[in-house]
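To keep things clear, I will list the structure first and then write my remarks on it.
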Amino acid sequence: MSPLPLAAVVLAGGASRRMGRDKATLVIDGPAGPTTLVERVVSIVGARCAPVYVIAAPGQALPELPAIIVRDEVRGVGPLLATGRGLRAAAESGAEHAFVCAVDMPELTTELIETLAGPAQRLAADVIVPWDGRYHYLAGIYRTALFSTVAKLVNAGERSMRALVDSVDTQRIVMPKQAALANVNTVADLEVVAPPRLA
């Protein structure tokens with residue numbers, strides 16, 4: 001294991017248009033029984049990272065979590081602003097690096113985080129992201145000081161994570177396609193991992 005200290009930032013406030021409902025509170029069958037997506041992801045990252053920040057939309061209902069909830073001021077403005085808010089909170093806690101991920105990754109593993117932590121410790125890069133034929137911006141390790149870069153990009157009208165990674169020193173870690181990197185965007189996607197409980 002890498003000794004690199006990591007905070008975690010879980011982005012949970014997305015609009016979830018393709019799912020048709022809030023993904024964070026969607027109940028799935030986890031290893032220990034029914035659980036929400038946000039509870040599952042927080043439990044995974046919390047096994048390796050501390051503190052854990054969950055970035056939520058204004059008024060978004062969430063279950064009780066072993067995490068610090070940070071609210072977006074405006075709903076539906078994209079992941080870049082939410083990432084900046086999480087990185088700033090992590091930086092203010094004293095963390096220099098944070099694992100940033102989306103809430104819709106039920107098969108995420110601490111092994112994946114460790115695979116990225118090693119290069120993050122060895123290299124002087126600002127961002128370490130997995131690449132399996134495409135970049136997984138929301139499953140990477142970011143220097144928390146990047147919150148100031150995010151603020152400048154947002155003020156310039158940017159909303160995408162690509163704008164951030166293209167403007168700083170980013171290293172990609174080539175990996176095979178794997179369930180740990182899979183996002184669930186629709187009920188059909190989720191049924192491949194665990195049947196959703198929509199009631």
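Basis for what follows: all heavy atoms, side chains included, without hydrogens, waters or symmetry-related copies. Just so we're clear, the structure is a prediction, and the values are computed from it rather than from any experiment.
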### Message
If I compare all heavy atoms of I68 with all of P51, which pair ends up nearest, and what's the gap?
### Response
CD1-CB, 4.1 Å
### Query
Where do T110 and R48 come nearest, in terms of heavy atoms and distance?
CG2-CB, 4.2 Å
Kindly indicate whether the side chain of [X], heavy atoms from C-beta on, has any atom under 4.5 Å from the side chain of [Y].
{"X": "T25", "Y": "L37", "value": "no"}
{"X": "V168", "Y": "Y142", "value": "no"}
{"X": "F99", "Y": "L108", "value": "yes"}
{"X": "C101", "Y": "V9", "value": "no"}
{"X": "I44", "Y": "M105", "value": "no"}

### Task
Sorted by first residue and then second, give each side chain to side chain donor-acceptor pair (under 3.5 Å) pair with at least one member in residues 116-130; sequence neighbours left out.
S2-Q121
By side-chain contact (heavy atoms from CB on, under 4.5 Å), which residues pair with [X], not counting sequence neighbours?
{"X": "A56", "result": "Q60, L62, I69, R71"}
{"X": "V154", "result": "L80, L81, V150"}
{"X": "S167", "result": "T149, L153, L164"}
{"X": "P66", "result": "V42"}

Validation: residues 86-95 side-chain donor-acceptor distances under 3.5 Å, sequence neighbours left out:
from, atom 1, to, atom 2, distance (Å)
R88, NE, E92, OE2, 3.2
S93, OG, A90, O, 2.6

Partners passing salt bridge (Lys or Arg N to Asp or Glu O under 4.0 Å) against [X] (at least two apart in sequence or in another chain):
{"X": "E64", "value": "none"}
{"X": "D166", "value": "R162"}
{"X": "R40", "value": "E107"}

### Task
Rounded to the nearest 0.5 Å, what's the gap from CG on L138 to CG on N183? Could you check?
7.5 Å
### Residues that T144 engages under side-chain hydrogen bond (donor to acceptor under 3.5 Å, both in side chains), provided they are two or more places apart
none
### Query
Of all residues at least two apart in sequence or in a different chain, which pass the side-chain hydrogen bond (donor to acceptor under 3.5 Å, both in side chains) check with Q171?
D169
### Q178 atom CD: more than 12 heavy-atom contacts under 6.0 Å
yes
## Note on the structure
Y137 meets the ring-ring contact (aromatic ring centres under 6.0 Å, His included) criterion, sequence neighbours left out, with Y135
